[in-house]
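Here's the structure we're looking at; comments come further down.
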Amino acid sequence: MSVTAIRGFNDILPGDTEAWRHIEQTAWSIFSAYGFSEIKLPIVEKTELFARSIGETTDIVEKEMYTFADRHGDAITLRPEGTAPAVRAYIEHKLYTAPVTRLYYTGPMFRYERPQKGRYRQFYQIGAEVLGDESPRADAETLSMLMKFFGTLKVKGATLQVNSLGDASCRPAYKKKLYEYLKEHSSGLCENCLRRIETNPLRALDCKATGCIEATRNAPSLVDSLCEGCATHFDKVRYFLKLYGIEPVINPRMVRGLDYYTRTTFEITADTGLGSQNAVAAGGRYDGLVSELGGPSTPCFGFAIGIERLSLLLERSQVPSSPLTVFIALGIDAEKKGVELISLWRSSGIRVVEDFSTGALKTRMKRADRLGAAFAVILGENELAEGVVTIKDMKNAAQETIAWDRVAGIIGGAGK
RNA sequence: GUGGACGUGGCUCAACGGUUAGAGCACUGGACUGUGACUCCGGGGGUUGGGGGUUCGAAUCCCCUCGUCCACCCCA
């Protein structure tokens, strides 16, 4: 066996890249209409950045990071998510001098997990962050932007689940309440959750083990334990979502896997046919992260979209594609003229390749067909003499003779 | 990280432990020297994922390993 790609690291091949491009372009045009600007971030960061922001006891930091020593012995990590680097850049470049900063980015993330369909070790996200806005309207508007994005891509069955995790003034108290409850009702808990009681009791709430679901059925509810500020914030987020015509599912048991979230958290699921890999976007508010990483106290809201999962949802028919034209020259004079004509057509936006082979026209037509040509353009001696070209529509076999300067118009017009 | 299913030409899949591992599609040459998709005839292409073992004999049974997929875990 020759050298292959590393497990969990995939090539995205032509045929799939069109859908990816469509997704990224759609995101770009919608996000930019909402005032977001793109930021390009490094793929590798100091390990410490992720350990401090995501949380030492999270699965990501405990067992999923690609961490190496570089040549100087410093611990560096392939980014497992985009928010921490974005926040790091925000602080490092003092972007907080602006009243609000809206950033988006796209690129690969890395997590050492067992690969499955829709879940890879290198996977791609589109992320967006609103930094410096505490208003619940920021949450709601950003969510509505996301829903609009999914709507534009015609994603079926996109549903929004939201929850509030509280903040520094109410979560610790709730955590304690839950901790005590779990201590008393620990009998049915799975092994994992028994450990979580100490490390991160909230996670027991969204454990899928039946014993844990039983045991936590009557556990104190997070939503009921929110402090005044968090409760109103959550109410307002829901109110404004309704204003945008969005009816979210309130899921008080949804707990995110990253420690920095406060108040609003959410997840958008769609019918991916992937079972547990049905989350195509998720995120929430992280009002404490910027200050924890050394910046000024800055309330933020952000999310990430999983491109692989999303691309599985797109029907091929709705991914725009531009038709390919294959040019066939018959004879050396036609070849010469072709050089000039093709360049002209390309300049007017026609996608054209020349078939450089020299066999029988039959064979070359067959090659054109296999190249996926929408049109074959033939320039032979006859055409050359008359200043025309023969255009064949490969779909319906219709064929006509067209003057050179009209070719781009005909093909370009038929393209859409 | 745990449990399971599966790896056979480029693709989809056949082949009871028993000749030279087959078929369809794809590829290629011809019928057909300016017209693809349809038809007909011919041709090439395999270390049966890799390694080891059992056996007179292994694609088939056993072990290891790599990979894909599924469930769990977790997440995008």
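Throughout, a chain's letter reflects where its sequence line sits, starting with A, and its residues are numbered from 1. The structure presented is a predicted model; accordingly, all values stated were derived computationally and were not measured.
- OP1 or OP2 of B:rA71 sits under 4.0 Å from a side-chain N or O of A:Gln116.
- Taking the ring axis of A:Phe240 as reference, the NZ or CZ atom of A:Arg137 stays within 45° of it and closer than 6.0 Å to the ring centre.
- The distance between atom CG of A:Leu13 and atom P of B:rC11, rounded to the nearest whole Å, is 12 Å.
- Within the nucleic acid shown, A:Ala360 has no heavy atom closer than 4.0 Å to any nucleic acid atom.
- A:Glu381 comes within 4.0 angstrom of a nucleotide base, judged by non-hydrogen atoms across all strands.
- Across all strands shown, B:rA58 remains unpaired; no Watson-Crick or G-U wobble contact has both distances below 3.5 Å.
- In this structure B:rU47 sits in no base pair that meets the Watson-Crick or G-U test at under 3.5 Å.
- Between A:Arg364 and the phosphate of B:rG36, there is no side-chain N or O to OP1/OP2 separation shorter than 4.0 Å.
- Distances shorter than 4.0 Å separate none of the side-chain N or O atoms of A:Arg114 from OP1 or OP2 on B:rC70.
- Atom CG of A:Asp369 and atom P of B:rU28 are 12 Å apart (whole Å).
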Please walk me through it: do A:Phe36 and A:Trp28 pass ring-ring contact (aromatic ring centres under 6.0 Å, His included)? CA-CA 9 Å; A:Phe36 287 77; A:Trp28 179 82; over 10 Å; no
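- Spacing between atom CE of A:Met254 and atom C1' of B:rC75 amounts to 13 Å, rounded to whole angstrom units.
- Across all strands shown, A:Phe303 has no heavy atoms under 4.0 Å from either base or sugar-phosphate atoms.
- In plain terms, the two heavy atoms of A:Phe123 and A:Pro80 that are nearest each other are CZ-O, 4.0 Å.
- The aromatic rings of A:Phe149 and A:Phe31 sit tilted, their planes meeting at an angle between 30° and 60°.
- Counting any heavy atom pair closer than 4.0 Å across all strands shown, A:Lys362 reaches a base atom.
- Among the nucleotides B:rA37, B:rU35, B:rA76, the one closest to the side chain of A:Gln399 is B:rU35.
- In this entry B:rG3 has B:rC70 as its Watson-Crick or G-U wobble partner, both defining distances falling under 3.5 Å.
- When the C1' atom is used for both B:rC16 and B:rG57, the distance is 15 Å, rounded to whole Å.
- In this structure, the CG atom of A:Leu310 is 10 Å from the C1' atom of B:rA76, given to the nearest Å.
- When each of B:rG36, B:rC75, B:rA76 is scored by its nearest atom to the side-chain atoms of A:Arg203, the top-ranked nucleotide is B:rC75.
- Looking at the side chain of A:Tyr120, the nearest of the listed nucleotides B:rG34, B:rA37, B:rC69 is B:rC69.
- Using a 4.0 Å heavy-atom distance criterion, A:Ile378 is classed as a base contact.
- When the P atom is compared between B:rG49 and B:rC56, the two are found 25 Å apart, to the nearest whole Å.
- The nearest whole Å value for the distance from the OH atom in A:Tyr260 to the P atom in B:rC75 is 12 Å.
- Across all strands shown, B:rU35 remains unpaired; no Watson-Crick or G-U wobble contact has both distances below 3.5 Å.
- Taking atom P in both B:rU47 and B:rA21, one finds a spacing of 13 Å when rounded to whole Å.
- Scanning both residues, A:Leu310 and A:Val280, for their nearest heavy atoms gives N-CG1, 4.4 Å.
- Residue A:Thr390 is classed as a base contact, given a heavy-atom separation below 4.0 Å to a base.
- A sub-4.0 Å separation between OP1 or OP2 of B:rU28 and a side-chain N or O of A:Arg370 is present.
- Side-chain nitrogen and oxygen atoms of A:Arg119 include none within less than 4.0 Å of the OP1 or OP2 phosphate oxygen of B:rC75.
- Taking atom C1' on both B:rG29 and B:rC11, the two are 22 Å apart, rounded to the nearest angstrom.
- Only the P atoms considered, B:rG46 is 13 Å distant from B:rG22, to the nearest whole Å.
- A donor-acceptor pair shorter than 3.5 Å cannot be found between the side chains of A:Glu129 and A:Tyr90.
- The separation between A:Arg121 atom CZ and B:rU68 atom C1' is 13 Å, rounded to whole Å.
- Note on A:Ala281: only backbone sugar-phosphate atoms sit closer than 4.0 angstrom, heavy atoms only; bases stay farther off.
- Residue contacts for A:Glu81: at a heavy-atom cut-off of 4.0 Å it reaches no nucleic acid atom on any strand shown.
- Shown here, B:rA15 forms no base pair; nothing in the strands shown gives a Watson-Crick or G-U wobble contact with both key distances under 3.5 Å.
- Base pairing of B:rG9 is not made with any nucleotide, judged by Watson-Crick or G-U wobble geometry with both donor-acceptor distances under 3.5 Å.
- Residues A:Phe266 and A:Met254 approach most closely at CA-CE, 3.5 Å, considering heavy atoms.
- Ranking B:rC75, B:rC70, B:rG34 by closeness to the A:Lys117 side chain, first place goes to B:rC70.
- Across all strands, A:Leu371 comes closer than 4.0 Å to no nucleic acid atom at all (heavy-atom distances).
- The residue A:Glu62 sits apart from the nucleic acid: no heavy atom pair falls under 4.0 Å.
- In this structure, A:Ala397 reaches the bases: a heavy-atom distance under 4.0 Å links it to at least one base atom across the strands shown.
- As rounded to whole Å, 17 Å separates atom P of B:rG1 from atom CZ of A:Arg111.
- Cation-pi geometry between A:Arg238 and A:Phe234 is satisfied (NZ or CZ under 6.0 Å from the ring centre, within 45° of the ring normal).
- Atom CZ in A:Arg7 sits roughly 12 Å away from atom C1' in B:rU65 (whole-Å rounding).
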